[in-house]
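Have a look at the structure below before the remarks.
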Amino acid sequence: MTGSFLDNETWKYFWHPVCTVAELDASDHGRGALLKTTLLGVELVVARTESGVVAFNNRCPHRSAKLSLGWVRGDAIQCPYHGWSYGAKDGMCVAIPAAPNGPIPPNAKATKYDCEVRYDLVWVRLDNLADTNIPGHLVFDDPEFKCVLGPSYTWKTHSARRVENFVDLAHFPFVHPETLGSSGFNTFLAPNIDFQNEGTLRFRYVPQEGARKAVDGKGNLSPLAFSDYRVRAPFGVTVDLTLTNGSRMVLWVWATPIDDIHCRSFWFTCRNTDRDGPDQPHIDVQARILEEDIHVV
């Protein structure tokens, strides 16, 4: 596969989170859990049926009504226009109320996409012709860490630029002088980058003393010893931060491409200290840092 970062034909072969499980479950207002979302310019409906979570193109093949306005009926989604129902297994029409005894046309089939739940997120892949996997999460299942799913956010920028900002070392003293960086520490040596076979690249950043801060176990900003970056194709980043006091904090983010100029970032903050302490301070400090970034990005 080849293509530029703006080539949606490339990124449709990868898995992307499109919503949280909590969002999907909260969408049930008496019609079943049906949530409209968009991935790479394709409007989707995500639904929880009897057999699990599924993702269809948000278009009924009969008269193009939005399936997200319909109902979950057992293991099928029913269109709001004429009541045609499409099975969760393969999207084939399983019932036409106006012709209960008539044959179902063989092309009466909703477009169904690969869909899985992982890390409390719903992941979708638009095209499965390439052998791609849902990216790993370094510490999600590690009992030594407490992982908190932060509130997702949508920015008017391409996913590639969001990732670029997340791994950019030189902007800390200018954009984050009171949070992540320190004024006056403007020189950053280029790290050695390790390109790996499984679609990731890695590098370690060791700052000058006093040049860089990170969030400690109590949600406060403390001196950073070093950080390990893992960038996963196409739009995922994990930053494993070790503070000078020895504690670790792991940030995990995936910038899902909504379209060419918008992305929605899903993220976790994970810590191995004060796991029984409040989570909100960790969310608040990350929100403060994002507020500093959004205008320049």
Side-chain angles (χ1 to χ4, degrees), residues 1-24 26-27 33-47 53-61 64-70 77 80 91 110-130 132-135 149-168 199 231-237 252-268 286-287 290-297:
M1 294 179 295
T2 61
S4 72
F5 277 108
L6 293 176
D7 182 5
N8 288 346
E9 290 302 307
T10 299
W11 312 130
K12 70 181 183 181
Y13 296 103
F14 291 87
W15 291 87
H16 306 271
V18 297
C19 67
T20 67
V21 170
E23 280 180 298
L24 176 60
S27 71
L34 289 159
L35 185 68
K36 181 179 73 172
T37 185
T38 302
L39 173 61
L40 291 164
V42 178
E43 190 172 297
L44 312 174
V45 57
V46 179
V53 178
V54 297
F56 287 176
N57 190 290
N58 194 26
R59 172 189 175 276
C60 175
S64 296
K66 293 184 183 297
L67 293 176
S68 59
L69 300 176
I77 298 177
T111 301
K112 184 176 183 289
Y113 303 110
D114 291 343
C115 181
E116 290 189 24
V117 173
R118 192 86 54 89
Y119 322 130
D120 300 323
L121 301 172
V122 177
W123 295 76
V124 172
R125 179 172 59 177
L126 297 180
D127 194 317
N128 60 12
L129 290 181
T132 57
N133 300 304
I134 294 175
L149 179 61
S152 65
Y153 52 91
T154 298
W155 285 4
K156 187 179 180 181
T157 192
H158 191 271
S159 295
R161 172 156 286 195
R162 177 69 196 103
V163 170
E164 177 190 53
N165 164 253
F166 206 82
V167 300
D168 185 295
V231 183
R232 174 66 183 262
F235 305 122
V237 183
W252 181 102
V253 64
W254 190 275
T256 294
I258 297 173
D259 53 35
D260 285 344
I261 60 172
H262 297 90
C263 70
R264 184 181 183 192
S265 294
F266 298 88
W267 61 282
F268 288 88
Q286 295 301 330
L290 292 172
E291 186 64 25
E292 294 170 343
D293 272 317
I294 184 172
H295 300 295
V296 294
V297 176

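As the structure is a prediction and not an experimental result, all values here were calculated from the model.
Among all heavy-atom pairs drawn from Arg125 and Ala130, the shortest one is NH1-O, 3.3 Å. Between Arg162 and Asn165 the shortest heavy-atom distance is NH1-OD1, 2.5 Å. Of all heavy-atom pairs spanning Leu149 and Asp120, the tightest one is CD2-O, 4.3 Å. Smallest separation of non-hydrogen atoms from Leu69 and Pro80: O-CB, 3.4 Å. The minimum heavy-atom distance linking Phe266 with Pro17 is given by the pair CE1-O, 3.2 Å. Counting all heavy atoms, side chain and backbone alike, Phe56 lies closest to Gly91 at CZ-CA, 3.9 Å.
One distance of note links NE2 of His16 with OG1 of Thr132; it measures 8.0 Å at 0.5 Å rounding. To the nearest 0.5 Å, atom NZ of residue Lys66 and atom CG of residue Asn57 are 9.5 Å apart. Atom CG of Asp293 is separated from atom CH2 of Trp155 by 5.0 Å, given to the nearest 0.5 angstrom. Rounded to the nearest 0.5 angstrom, Asp114 CG and Asn128 CG are separated by 4.5 Å. Taking OG1 of Thr37 as the reference point, atom CD of Glu43 lies at 9.0 Å (rounded to 0.5 Å). Rounding to the nearest 0.5 angstrom, the gap separating the CG atom in Leu39 from the CD1 atom in Ile258 is 9.0 Å.
Side chain to side chain, Arg264 and Thr154 fail the donor-acceptor criterion of an N or O pair below 3.5 Å.
Under a 3.5 Å cut-off, the side chain of Ser68 and the backbone N or O of Leu35 do not form any donor-acceptor pair. In this structure, the side chain of Ser159 engages the main chain of Ala255 through a donor-acceptor pair within 3.5 Å.
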Step-by-step side chain to side chain contact (heavy atoms under 4.5 Å, CB included) determination, Ile77 to Leu34:
CA-CA 9 Å; Ile77 298 177; Leu34 289 159; 4.1 Å; yes
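In this pair, Trp254 and Trp123 present their aromatic rings perpendicular. The plane angle is above 60°, beyond the 30 to 60° band.
Side-chain contact between Asn58 and Leu44 is absent, with no heavy-atom pair separated by less than 4.5 Å. Using a 4.5 Å heavy-atom threshold, the side chains of Val163 and Val231 count as touching. Within the 4.5 Å cutoff, side-chain heavy atoms of Phe268 are placed close to those of Leu121. At least one side-chain heavy atom of Tyr119 sits less than 4.5 Å from a side-chain heavy atom of Ile134.
Checked against the 6.0 Å centroid criterion, the rings of Phe235 and His158 qualify as a close aromatic pair.
A 6.0 Å sphere centred on CZ of Arg118 holds more than 12 heavy atoms belonging to other residues, nucleotides or ligands.
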